Amino acid sequence: MFLVSAQLSPMTRSRISPQDFAREPFRAFFPIAALAGISGVALWPLHFWGLVQWYPGQIHARVMAYGLFGGFIFGFLGTAMPRMLSAQPLRLAEVFGLLAVYLGMVVSFLVGNIFAGDALLVLLLCGFGACLAGRLRNRKDTPPPGFVLVGFAFLSVISGAIISLLQPESGESNLFWLHLQRLLSYQGFILLPILGIGPFILPRFFGLESSHDFPTTLVPVPGWTRKAILAAATGIMIIATFLLEASTWYRTAYGTRFLIILGYLWIEMPFHRGPRLGNALGASIRSSFLSILAGFLAISLFPAYRVALLHITLVGGFAVITFIVATRVVFGHSGNIHKLKSRTGWVWVSVAAMLLGMATRISGDFWPEIMATHYNYGALVWIAGVLLWAAYVLPYVLRADPE
């Protein structure tokens, strides 16, 4: 970390001010989200070493979905949405209020208090929605059409949280709702924003223009409306597959989900038309979407191993794309975007470690006699990949863009 900081040029040494945390809340959320992810994965070796007595299961899932991915989502949207709406940035009190609730939620999950964590999640979602509501009313621009899916994501996760608060964690009559809650929270909350934000930001990784970048206007143009309708239809169909899966139609649900996402990616994120050669970030973006699709396809073929195989989507897909987009956000907002076009060997190593950790963890479910050992190895290797990413990226959250 100190080596990276020492390499900064004098022009990029300008320190951020407290107001930068308000204008760009990713500076506060990204580091804590990474720490939440490390803590959530560390629960497995801590459990198998006897230091955590309760089985991590749902606590691990919540920390990863709401802590790791949620922190990056709130940080990104809190920075990007006011700019896209040509509205006032968030205020310092709003950002630190949201951050306090977010930290309380993560800590509640880590100590095993799921009810309190879910309740704080609902409060966090409502607070974040309230912060954006006023800016939507006073906006001078219309957000990209794919952001309709971001709205579906927030409806999905708040529905999942409310189901969790209302339903006890036992009883066969509740299995449908328990399963639906996990799908809405652990998949919908992450998958839908990736599909919604992706068409606007990801083509830039390949030197392509975004078809979701429309001129400034308060009244949506016909092209915007068509893309918004496609995004809404995609969101509705994906949520419908959650209902199928909660009803134990596993093959049908995952096969349909695979086809829906493949079709949407082909239309809205045509990576196949981008250059074949690229840097580590572009290659990682491609591999992450392949992992999302591969995980869903694999489960449709082998539903008995769906818990293990879903990690292809969650770790190789959701996590990798999250860290890569966060990398571009941090470097772009610190005046160091040029560094991503030069030596990025650390990106290859970091992503490779995350994927190796994923593969090791999955293998544990196929060979029960080595499950605990592989869970431990997988967790430690993944954490090593995240720590490497953090060492190269997070120092730049404290650097302001000189321009």
Side-chain angles (χ1 to χ4, degrees), residues 33-34 36-48 55-70 72 109 179 181-195 238 241-242 245 250-251 253-255 257-258 261 284-324 350-386 389:
I38 291 171
S39 301
V41 170
L43 290 174
W44 289 108
L46 291 175
H47 171 70
F48 288 118
Y55 188 75
Q58 290 306 307
I59 292 174
H60 161 80
R62 279 171 163 81
V63 172
M64 301 307 287
Y66 308 146
L68 172 67
F69 294 115
F72 281 106
F109 288 135
H179 200 174
Q181 175 265 317
R182 293 166 185 174
L183 290 165
L184 292 170
S185 302
Y186 307 156
Q187 290 192 40
F189 182 42
I190 309 156
L191 173 62
L192 295 174
I194 288 175
L195 296 179
I238 288 174
T241 67
F242 294 162
E245 184 178 349
Y250 300 120
R251 290 184 184 275
Y254 278 99
R257 200 172 306 155
F258 166 80
I261 296 169
S284 298
I285 291 292
R286 278 197 172 100
S287 74
S288 65
F289 277 103
L290 288 174
S291 294
I292 291 173
L293 292 169
F296 289 148
L297 180 60
I299 297 174
S300 71
L301 298 175
F302 307 102
Y305 296 99
R306 62 186 179 276
V307 175
L309 294 174
L310 186 59
H311 284 76
I312 301 174
T313 293
L314 298 178
V315 182
F318 294 171
V320 169
I321 196 173
T322 296
F323 284 112
I324 293 302
S350 177
V351 171
M354 294 181 197
L355 296 178
L356 178 59
M358 172 199 74
T360 306
R361 186 263 175 252
I362 292 173
S363 67
D365 282 13
F366 286 87
W367 291 283
E369 64 276 8
I370 60 170
M371 184 188 75
T373 302
H374 276 225
Y375 274 31
N376 291 344
Y377 290 160
L380 294 175
V381 172
W382 187 86
I383 289 172
V386 174
W389 173 86

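Small disclaimer: the values here were computed from a predicted structure and weren't measured. Throughout, numbering of the chain's residues begins at 1 and tracks the sequence.
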Ring-face cation of R306 near Y254 (centre distance under 6.0 Å, axis angle within 45°): no
Quick check for you: to the nearest 0.5 Å, what is the distance between I59 atom CD1 and M64 atom CE? 14.0 Å
Which pair of non-hydrogen atoms, one from I292 and one from T313, has the smallest distance, and what is that distance? O-OG1, 3.0 Å
Rounded to the nearest 0.5 Å, how far apart are CE of M358 and OG of S363? 10.5 Å
Do I261 and L191 have side-chain heavy atoms sitting under 4.5 Å apart? yes
Point-to-point distance, once rounded to the nearest 0.5 Å, from CG of L310 to CD1 of I299: 4.5 Å
State, to 0.1 Å, how close L43 and P56 come at their nearest heavy-atom pair, and which atoms those are. O-CG, 3.7 Å
Take the angle between the ring planes of F72 and W389 and call it parallel below 30°, perpendicular above 60°, tilted in between. perpendicular
With a 6.0 Å cut-off (strictly less than), is the heavy-atom count around OH of Y377, excluding the residue itself, greater than 12? no
Take Q187 and F296, measure what side-chain contact (heavy atoms from CB on, under 4.5 Å) needs, and give me the verdict at the end. CA-CA 11 Å; Q187 290 192 40; F296 289 148; 3.4 Å; yes
Separation between CZ (F189) and CG (L183), nearest 0.5 Å, reads 15.5 Å
Check: H374/T360 side-chain N/O donor and acceptor closer than 3.5 Å: no
Taking all atoms of both residues into account, what is the closest heavy-atom pair of S185 and A65, and its distance? O-CB, 4.1 Å
Would you verify whether the NZ or CZ of R182 falls within 45 degrees of the ring axis of Y186 while also being under 6.0 Å from that six-membered ring's centre? no
Ring-plane angle category for Y55 and H47, please: parallel below 30°, perpendicular beyond 60°, tilted otherwise. perpendicular
Under a 4.5 Å cut-off applied to non-hydrogen side-chain atoms, are F258 and L293 in contact? yes
Side chain proximity check, F318 to S291, heavy atoms < 4.5 angstrom: no
Run the side-chain contact (heavy atoms from CB on, under 4.5 Å) test on I321 and I285 for me, step by step, so that the C-alpha distance in whole Å, both residues' side-chain angles and the decisive distance to 0.1 Å come before the verdict. CA-CA 6 Å; I321 196 173; I285 291 292; 3.8 Å; yes
Side chain proximity check, F366 to L309, heavy atoms < 4.5 angstrom: yes
For S300 and P303, which heavy atoms make the closest approach, and how far apart are they? O-CD, 4.1 Å
Taken to the nearest 0.5 Å, the spacing of I362 CD1 from Y305 OH works out to 13.0 Å
All heavy atoms of A36 vs all of G67, minimum pair found to be CB-C, 3.9 Å
May I ask you to test the V320-V315 pair for a side-chain heavy-atom distance under 4.5 Å? no
Does R257 reach the side chain of F242, with side-chain heavy atoms less than 4.5 Å apart? yes
Check the pair R62, Q58 against side-chain contact (heavy atoms from CB on, under 4.5 Å), reporting the backbone distance first and the verdict last. CA-CA 6 Å; R62 279 171 163 81; Q58 290 306 307; 3.6 Å; yes
Show the nearest heavy-atom pair for residues G37 and W382, with the distance to one decimal. O-CZ3, 3.7 Å
Would you call Y375 and D365 a side-chain contact if the rule is heavy atoms closer than 4.5 Å? yes
